[in-house]
2 protein chains.
Amino acid sequence: MKETLTDPLTADKMGGLRMTKQRQVVYEVVQEMAMEHPTASAVYAKAKELMPTISLATVYNCLETLTDAHAITQVNIDREASRFCPNLQPHAHFFCAKCDSVFDVDLHHKADASEPWNLPEGSLIDEVNVAMRGVCPNCRED
Amino acid sequence: MKETLTDPLTADKMGGLRMTKQRQVVYEVVQEMAMEHPTASAVYAKAKELMPTISLATVYNCLETLTDAHAITQVNIDREASRFCPNLQPHAHFFCAKCDSVFDVDLHHKADASEPWNLPEGSLIDEVNVAMRGVCPNCRED
DNA sequence: TTTCTTTTTTAGAATAGTTCTTGATATAAA
DNA sequence: TTTATATCAAGAACTATTCTAAAAAAGAAA
């Protein structure tokens, strides 16, 4: 058996996923905290405010389910804890080494992430993951 | 106190790092296994053949030291174990989802990794990390 | 509805990769 | 030499995440 829609508000974004209370809470929290690119524990902390009985395991489960359903994206930088992002457009991430914040970086108009790369002839690219490190405009001024 | 050179053969690549037997072994192994992009445990396994008394902790220490000295690079894909790479040229990594191998991908002539990206005005980029997932030419034929 | 089946949740145990701690060794400086 | 510093080895500790098993919830069938 599989997915049924229960919540019309988010159904379209959930790709026909069964929408439980927990998934809804986790999804909302990821959206609210989008700018922070929260880790699983950060989502957990916030989610508990809305639903005190939710467990960390459930937060992990929901994040995985939502990721698999392409409702959110998992963002990894080095070996740090994964962060989660509701931005579904192709984009890169910029990590400021000074303030530790994460910014979404869009592609230039009509640009392609694999553009500068001399890909092996005949390879099939599913996904290009781009992470940048540096100092953000705010921190450069300090 | 800091670095002294002991091994003229690799000194240039080690950025003036104190060259101990262990670091030398680890460095050699990473070079030998470059095509495999070995993990720390893979390096450990091979290093033990050359130096049976070496410990896993030491392999981790050496890999970190060599990485900090820019003699090798640490490569991360998702949350998998880190891999290590002696290729110091700017390059991306391509991960074949079928055969699990990793390929180095070079930049096109005069191209820049940050080219397609609309970076925040005034930001300073230290490092651009590019990882691609897909199916390699070999696996596509199967 | 009531019952049956499947999915999801919870809590805690387990795991994997990595880092830390401590005492022993080795290397360099004086 | 003697002294100071850096590195090593072994194993314990840590952290993010996944797994396990039992309870709860959701949906389907009757």
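The analysis underlying the following values was restricted to heavy atoms, covering all of them including side chains, and did not include hydrogens, waters or symmetry mates. Quick note on labels: first sequence line is chain A, next is B, and so on, each numbered from 1. Keep in mind the model is a prediction, meaning the values are calculated, not measured.
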If you assign B:R79 and B:C62 each to the DNA chain D nucleotide with the nearest heavy atom, which residue ends up on the more 5' nucleotide? B:C62
Quick one: do B:R133 and B:E80 make a salt bridge, cutoff under 4.0 Å? yes
Measure CD/B:Q24 against C1'/D:dT7 and give the value in whole Å, please. 15 Å
Would you say a side-chain N or O of A:T65 is under 4.0 Å from OP1 or OP2 of C:dT8? no
Nearest whole Å is fine: how far is D:dC8 C1' from B:L66 CG? 15 Å
Are A:P116 and B:H108 side-chain neighbours, meaning at least one heavy-atom pair lies under 4.5 Å? no
Counting C-beta onward and ignoring hydrogens, is there a side-chain heavy-atom pair between A:L66 and A:V30 closer than 4.5 Å? no
d(CD, A:E80; P, C:dT18) in whole Å: 14 Å
Is the ring pair B:H37/B:H93 parallel, tilted or perpendicular, if the boundaries are 30 and 60 degrees? perpendicular
Taking only side-chain N and O atoms of B:S41, does any of them lie within less than 4.0 angstrom of OP1 or OP2 on C:dG17? no
Rounded to whole Å, please give me the gap between CG in A:L56 and P in C:dA14. 17 Å
Minimum-distance nucleotide to A:R23 side chain [options: C:dT10, C:dT9, C:dT18]: C:dT9
Mind calculating the distance between CG (B:L17) and P (C:dT27) to the nearest angstrom? 14 Å
Determine: side-chain N/O of A:Y60 to OP1/OP2 of D:dT18, distance under 4.0 Å, yes or no. no
Taking only N and O in the side chain of B:T20, is any of them less than 4.0 Å away from OP1 or OP2 of D:dA6? no
At under 4.0 Å, does any side-chain N or O of B:T58 touch on OP1 or OP2 of D:dC8? no
Below 4.0 Å: OP1/OP2 of C:dT18 and any side-chain N or O of B:S82: yes
Atom CG of B:N76 and atom C1' of C:dT18: how far apart are they, to the nearest Å? 12 Å
Could you tell me whether B:N61 contacts a base, only the sugar-phosphate backbone, or nothing, with contacts defined as non-hydrogen atoms closer than 4.0 Å? nothing
Taking only N and O in the side chain of B:R18, is any of them less than 4.0 Å away from OP1 or OP2 of C:dT27? no
B:K21 or B:R83: which one's nearest nucleotide on DNA chain C is closer to the 5' end? B:R83
Output the rounded distance in Å from CD (B:Q74) to C1' (C:dG17). 11 Å
Take atom OH of B:Y44 and atom C1' of C:dT18, then tell me their distance rounded to the nearest Å. 14 Å
From C:dT10, C:dT8, D:dA9, nucleotide with atom closest to A:S55 side chain: C:dT10
Membership question, hydrophobic clusters at under 4.5 Å side-chain separation (ILVMFWY): are A:V59 and A:L17 in the same one? yes
Is there a side-chain contact between A:Q22 and the phosphate of D:dA25, meaning an N or O under 4.0 Å from OP1 or OP2? no
Can you identify which nucleotide, out of D:dT17, C:dT9, C:dC20, has its nearest atom closest to the A:A81 side chain? D:dT17
What pair of heavy atoms forms the shortest contact from B:P137 to A:E121, and how long is it? CG-O, 3.1 Å
